[in-house]
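Letters A, B, ... mirror the listed sequences (proteins, then strands); counts begin at 1.
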Protein chains: 2
Amino acid sequence: MAKSEDLPRRATLKEVAKAAGVSLASASYAINGAGSVGEATREHILKVAAELGYRPNQSAKAMKTGKTGAIGLILPDLTNPFFPSLAQVVIQAARAHGYSVFLTDTEGSAEAEERAVNLMIDHGVDGVIWFPIADDGPVGKLIEGVPTVVLDRNLPGYDVIQADYADGGRLAAEHLLAAGHVNIGVISGPHAASSARQRAEAAISAVRERGNLVWHVHNAYSLDLEPEVTKALESRTATAVITGADLIAIGAMRHIRSMGLVVPDDVSVVGFDDIPWAQLHTPALTTIDMPVEDMAAAAVEALIRRMSARGEPRRRVVFNVELISRDSVRFLA
Amino acid sequence: MAKSEDLPRRATLKEVAKAAGVSLASASYAINGAGSVGEATREHILKVAAELGYRPNQSAKAMKTGKTGAIGLILPDLTNPFFPSLAQVVIQAARAHGYSVFLTDTEGSAEAEERAVNLMIDHGVDGVIWFPIADDGPVGKLIEGVPTVVLDRNLPGYDVIQADYADGGRLAAEHLLAAGHVNIGVISGPHAASSARQRAEAAISAVRERGNLVWHVHNAYSLDLEPEVTKALESRTATAVITGADLIAIGAMRHIRSMGLVVPDDVSVVGFDDIPWAQLHTPALTTIDMPVEDMAAAAVEALIRRMSARGEPRRRVVFNVELISRDSVRFLA
DNA sequence: CGCTGCCCATGAAAGGTTTCACGTCCTGGC
DNA sequence: GCCAGGACGTGAAACCTTTCATGGGCAGCG
């Protein structure tokens, strides 16, 4: 590689205009395909611009138009494999529309979320896709004024993309009941997340209908289990457990194994999310699949619509979920 | 949430200045802590600014200063669990320095990489952290002029952050040899990546010294194995295989299992990277750990230095790697 | 008491772009 | 052969900030 010339300064529009022998305005119109420019002139300007390697200065453009061409993506935790796939699709979809994405990871903490969002807004994003950490929190305020679509939570006033969590919870419960399980435990996600509550509530009411809910505990979206959870597991009262996330399911399976029991023979487990590990795990995890890619794409689409039509009524899109039956559930005779 | 007021227009510096009864210049100086402003005036201006909820317009600032406060992070594939951890640390470290990060995923394709980089540069980043897909490719050109640090590859002319791949390869081989293995196969990463070549070469030469290299094939950084690779595995000539990445190792173990064999009893496997799955897998994967977090932090640090001191000679930092012995290697009597 | 010099504070330019309002020239209709 | 109007092109303002060059006032020194 050549050593970087210290001043390969990029050509400015003014220079292009001069080189092409036209006015600044014409150059701008030609390059943006707006205004009225004769066919020949336009081509000439374009040619000159190409020769000079002209690249519009986005900062200047942003200053005039107020649009930066960037969107923000606020995610709780990249370390949870659920999110990278989401991020990947958002990034690709955004790029397809000419947007770059600012990604931020809020480390599961509300202050970090706040700092992150602040920084993002200061840096000027045209819109935000937000996967909230909790249902409340200070962040909503900050985002006000920036077109936003919310993932996972049904926050009032925002465009929302969700999966049918209640249905997922029900599906999981019914799968276990149909497999002959009666004594069922539930490890749901954090209290603060309404989506976690929905999964749990639906599962619980389905369990209660035809079976027996032996316990219900909470855990963060993490492999590491809280004492409350390990205690529940160690009570050995449940032959099957429904978890609020695959990560929790895997953590639970790990703990169950460490107790000297085997999944699914001694305890059955069902997850939620269908992260990539789910099928790689031994035993492969029975779980609820949600169409992450579709949801991510829908989020971008919704955001793009929202950015150009701020007045429209909010929309809420709910995606169907599906139970994927693998090897972590035992079918009792 | 209240319906978004359509025009909560953010206060401008001019407005702050007027409200505070000072000049534009004083306001700017006060807020940036530069120039000379009397203590009392400064405080007053700051107070007024806070009241008005003033937030500097970064686009305008960027236009003046040429600094956007954003850095770009170019990663091959978020779906490979190696990268999210990297991204997470980069994002956090960058934020700690007041930078937002544009993340882009190049989907493993060189054109996508090029498009992504273009978009990023257009959107104006002050610096780039780049994990190249291949050693060559057109992208280097684009990046010219933007301070850049390169991860993983020793690209001439750039600041470089690497791990000691050769040592990793050697460690893996010696571990297997010490465990009594003689016939060893190698599945290395893609040809195009010099880091993959280094790992493989070191492993191969160590194997050859005291054992027997039965085959050497290549595979993308993916769970899915190419025909060449499955054929090698099916030849059953190796009692142990060294892989260029944990993802490949896991793919290989899956295939080995599907052949009716068991890891490590029939075939031993060692990975590279120590991604989170490695220890969750059954059997837990013996692998080479590289300090991703440290490397990510070092990359940000190097970039920050480079951005403020463009002239300095390039630096190359090489991190040590370490073999983590788990359950995927059988110790022969 | 006058002057030098410092501390504060200010006006104005500059940075690259978009876009409004306007002018010129040519075409076509009558 | 005239005029209306369209097509094409242009000058200049505006976006919001940073920063240079400048100026006023006051303290302290000689």
Sequence neighbours excluded, which residues qualify as side chain to side chain contact (heavy atoms under 4.5 Å, CB included) partners of A:A19? A:V48, A:L52
On DNA chain D, check which nucleotide each of A:V37 and B:T65 is closest to and give me the residue with the more 5' one. A:V37
Polar atom pairs (N or O), protein with nucleotides 20-24 of chain C, under 3.5 Å:
residue, atom, partner, partner atom, Å
C:dC20, N4, A:Y29, OH, 2.9

Looking at side-chain heavy atoms only, is the closest gap between A:L13 and A:S28 below 4.5 Å? yes
d(CG, B:N57; P, C:dG16) in whole Å: 17 Å
For A:S36, which residues count as a side chain to side chain contact (heavy atoms under 4.5 Å, CB included) partner, sequence neighbours excluded? none
For B:S36 and A:S26, find the nucleotide of DNA chain C closest to each by heavy atoms; which residue's nucleotide sits nearer the 5' end? B:S36
Between C:dG16 (P) and A:I31 (CD1): distance, integer Å: 14 Å
Tell me, please, which residues at least two apart from A:F102 pass ring pair (Phe, Tyr, Trp, His ring centres under 6.0 Å). B:F102
Residues in residues 42-49 of chain B with a heavy atom under 4.0 Å of DNA chain D, by number, are none
Could you list the residues that satisfy side chain to side chain contact (heavy atoms under 4.5 Å, CB included) with B:K18, not counting sequence neighbours? none
Pairs flagged by side chain to side chain donor-acceptor pair (under 3.5 Å) wherever residues 61-72 of chain B is involved - sequence neighbours left out: B:T68-B:D126
Would you indicate which nucleotide in C:dG16, D:dT19, D:dT17 comes nearest to any side-chain atom of B:A60? D:dT17
Under the rule for ring pair (Phe, Tyr, Trp, His ring centres under 6.0 Å), what residues qualify as partners of A:F131, not counting sequence neighbours? A:F83
Between B:L24 and A:G21, which has a closest nucleotide on DNA chain D that is more 5'? A:G21
Any donor-acceptor pair under 3.5 Å from B:R306 side chain to B:E312 backbone: yes
Whole-Å distance between D:dT18 C1' and A:M63 CE? 12 Å
Please classify the nucleic acid contact of A:T41 as base, sugar-phosphate, or nothing, using heavy-atom distances under 4.0 Å. sugar-phosphate
Tell me whether the OP1 or OP2 atom of D:dT17 has a side-chain N or O from B:T12 closer than 4.0 Å. yes
Using five base pairs at each end, measure the axis-to-axis angle across the helix from C:dC1-D:dG30 to C:dC30-D:dG1 and round it to 10 degrees. 40°
Shortest side-chain distance from B:S23, nucleotide among C:dG11, D:dC16, D:dG9: C:dG11
Tell me every residue that passes side chain to side chain contact (heavy atoms under 4.5 Å, CB included) with A:S85, counting only those two or more places apart in sequence or in another chain. A:E293
Set of salt bridge (Lys or Arg N to Asp or Glu O under 4.0 Å) partners for B:D105, sequence neighbours left out: none
Pairwise salt bridge (Lys or Arg N to Asp or Glu O under 4.0 Å) hits with a residue in residues 81-92 of chain A, at least two apart: none
Can you find a side chain N or O atom of B:K61 that sits less than 4.0 Å from OP1 or OP2 on D:dT18? yes
